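Structure record follows, encoded as structure tokens.
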Protein chains: 2
Amino acid sequence: MVEYLGRVMIGAPEGDIRDKFRRSGYTLTSQRRAVLDALEEAGGHPSTEDVYLIVKRKNPRVALGTVYQALAVLEEIGIITSKHWAETPTRYDLNLRPHLDIRCTGCGAVSEVPGVALGDLGAEIQHNTPYEVHNTTLVVEGLCPTCQRG
Amino acid sequence: MVEYLGRVMIGAPEGDIRDKFRRSGYTLTSQRRAVLDALEEAGGHPSTEDVYLIVKRKNPRVALGTVYQALAVLEEIGIITSKHWAETPTRYDLNLRPHLDIRCTGCGAVSEVPGVALGDLGAEIQHNTPYEVHNTTLVVEGLCPTCQRG
DNA sequence: TCCAAAACAGGAATGGTTATTGGTCGAGTA
DNA sequence: TACTCGACCAATAACCATTCCTGTTTTGGA
Ligand SMILES: [Mn+2]
Ligand SMILES: [Mn+2]
Ligand SMILES: [Zn+2]
Ligand SMILES: [Zn+2]
């Protein structure tokens, strides 16, 4: 569950995963493990369906609903994150750090955008609203190099 | 179709609306006009359903699909904008200027957050990705003052 | 006025996601 | 080891925002 992209480590270490399961009260079942492995195998930003197809290769008995449920649990206990783009299924990400993902409206590919300083937008927003700010996500869309040539 | 919030004008002037319809080739039908009026009457950030209910008060024959279609046209020709929060219906906005909206996860209310300088995030992102950046939206969620006391 | 194109009403269909239900598994206990 | 109880799971139905389809109506232009 640890993976390297260049010098950047993504994915929680095995110990952290066990800790988070233990502390949450959820159990690390074989299905949830399989979903986690599938996320790793998929790489990048798979949808629930993507994860489901990978999991099913090794265990054809797993149900799609179980994958939805497992991903919700993994997100709740802080092992993965999710992002939503309009009119497309939710994408999941092993990368827990705040970062920027862009989605190609042509082919649906999602890539990370390095080098953009987001500052502490959450704090700045909090200063300007009476709301209690819980979540700020930058949703970016565009055309990937391949689709620009389409 | 012009409205004032403090000193800030929102909503395109009548002339602009006609221009945009004429240039686009779409016709300004009574249903599309009714949808635009309903957006104004609703104020804020109504969903399609919200708009539909208002339109239906004056013309019970209008179909929900027509409202979806009309809103899509209005957005396409640049009279309104839309924003999407995860797991909730699309919200529409007469405010065409780039600005920040926060949604309460308790009651669903959407409010605008003034005073946050977004800079030109789009340009900065463009410098850091080979994608052709088309759209960057900041999606903010939290709890409104009322729901904080829940 | 007449015609072809665009728009509409009504309702069925779609697709991602969630809820329900009845059976299974497994960690803790005697 | 055998038992128990709750968490988990598979299967499937239900949900809900949105889109699609079909036949009808409206619209703007010849
Ligand atoms: Mn990412
Ligand atoms: Mn707004
Ligand atoms: Zn692409
Ligand atoms: Zn609220």
Side-chain angles (χ1 to χ4, degrees), chain A residues 18 20-38 45-53 55-77 79-80 82-92 103 105 108 110, chain B residues 18-38 45-53 55-77 79-80 82-92 103 105 108 110 139:
Chain A
R18 301 229 179 139
K20 286 178 174 174
F21 267 104
R22 182 161 28 72
R23 280 200 297 270
S24 70
Y26 291 113
T27 52
L28 178 46
T29 63
S30 65
Q31 287 89 346
R32 287 169 184 165
R33 165 60 67 192
V35 164
L36 215 34
D37 292 345
H45 307 80
S47 66
T48 306
E49 182 78 15
D50 294 334
V51 172
Y52 171 62
L53 292 176
V55 168
K56 217 170 55 166
R57 286 210 306 262
K58 288 178 183 166
N59 179 3
R61 288 187 53 78
V62 74
L64 177 58
T66 301
V67 176
Y68 271 100
Q69 173 66 23
L71 288 169
V73 168
L74 292 174
E75 182 174 19
E76 181 185 336
I77 69 182
I79 291 176
I80 63 177
S82 69
K83 283 184 183 155
H84 307 258
W85 280 264
E87 294 157 44
T88 71
T90 302
R91 303 298 197 97
Y92 289 91
R103 176 177 181 279
T105 51
V110 173
Chain B
R18 302 235 177 129
D19 275 3
K20 286 178 174 173
F21 267 103
R22 182 160 29 73
R23 280 199 298 270
S24 70
Y26 291 113
T27 52
L28 178 46
T29 63
S30 65
Q31 286 89 343
R32 287 169 183 165
R33 164 60 67 191
V35 164
L36 214 33
D37 291 346
H45 306 81
S47 66
T48 306
E49 182 78 15
D50 295 333
V51 172
Y52 171 61
L53 292 176
V55 168
K56 217 169 54 164
R57 286 211 305 263
K58 288 180 184 167
N59 179 2
R61 288 186 57 78
V62 75
L64 177 58
T66 300
V67 176
Y68 272 98
Q69 167 69 19
L71 288 168
V73 168
L74 292 174
E75 182 174 20
E76 182 188 335
I77 68 183
I79 292 176
I80 63 177
S82 70
K83 281 183 183 157
H84 307 256
W85 280 264
E87 295 157 46
T88 70
T90 302
R91 303 298 196 99
Y92 290 90
R103 177 178 180 280
T105 52
V110 173
V139 175

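Order of the sequence lines sets the chain letters (A, B, ...), proteins ahead of strands, with each chain counted from 1. Nothing here was measured: the structure is a model prediction, and the numbers come from that model.
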Listed by chain and number, what are the side chain to side chain donor-acceptor pair (under 3.5 Å) partners of [X], not counting sequence neighbours?
X     : answer
B:T27 : none
B:T90 : B:H84
B:Y68 : none
A:S82 : A:E75

Atom pairs under 3.5 Å, N or O on each side, protein against nucleotides 17-19 of chain D: can you list them with distances?
unit_1, atom_1, unit_2, atom_2, d
D:dT18, OP1, B:T90, N, 3.2
D:dT18, OP1, B:T90, OG1, 2.8
D:dT18, OP2, B:Y68, OH, 2.8

Please, which pairs that meet salt bridge (Lys or Arg N to Asp or Glu O under 4.0 Å) have at least one residue in residues 57-73 of chain B, sequence neighbours excluded?
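Non-adjacent pairs meeting salt bridge (Lys or Arg N to Asp or Glu O under 4.0 Å): B:E41-B:R57.
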
Length of the CD-P vector between A:Q69 and D:dA7, whole Å:
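About 13 Å, once rounded to whole Å.
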
CZ of A:R22 versus C1' of D:dA7: gap in Å, rounded?
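Those two atoms, CZ and C1', are 18 Å apart.
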
Does NZ in A:K20 sit with more than 12 non-hydrogen atoms of other residues, nucleotides or ligands closer than 6.0 Å?
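Above 12, so yes.
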
Closest contact, heavy atoms only, A:R103 versus A:G108
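Here A:R103 and A:G108 meet closest at NH2-CA, 3.7 Å.
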
side-chain contact (heavy atoms from CB on, under 4.5 Å) against B:L53, all qualifying residues, sequence neighbours excluded:
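Result, side-chain contact (heavy atoms from CB on, under 4.5 Å) vs B:L53: B:E49.
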
Identify, with sequence neighbours excluded, every residue that meets side-chain contact (heavy atoms from CB on, under 4.5 Å) alongside A:Q69.
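In terms of side-chain contact (heavy atoms from CB on, under 4.5 Å), with neighbours along the sequence ignored, A:Q69 is linked to A:V73.
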
Using the heavy-atom set of chain B and a strict 4.0 Å cut-off, write down the first and last nucleotide of DNA chain C that makes it in, 5' to 3'.
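Range of nucleotides touched by chain B: C:dA7 to C:dG10.
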
Looking at D:dC9, I'd like to know if its phosphate oxygens (OP1 or OP2) sit under 4.0 Å from a side-chain N or O belonging to A:R61.
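No.
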
Within the 4.0 Å limit for protein heavy atoms, which parts of nucleotides 25-30 of chain D are touched? Write it as a string from 5' to 3', B for base, S for sugar-phosphate only, - for none.
---S--

Quick one: list whatever passes salt bridge (Lys or Arg N to Asp or Glu O under 4.0 Å) with A:K83, sequence neighbours left out.
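Residues passing salt bridge (Lys or Arg N to Asp or Glu O under 4.0 Å) with A:K83: A:D101.
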
Nearest nucleotide by nearest heavy atom, which residue falls closer to the 5' end of DNA chain C, B:Y26 or B:P60?
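Upstream on the strand: B:Y26.
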
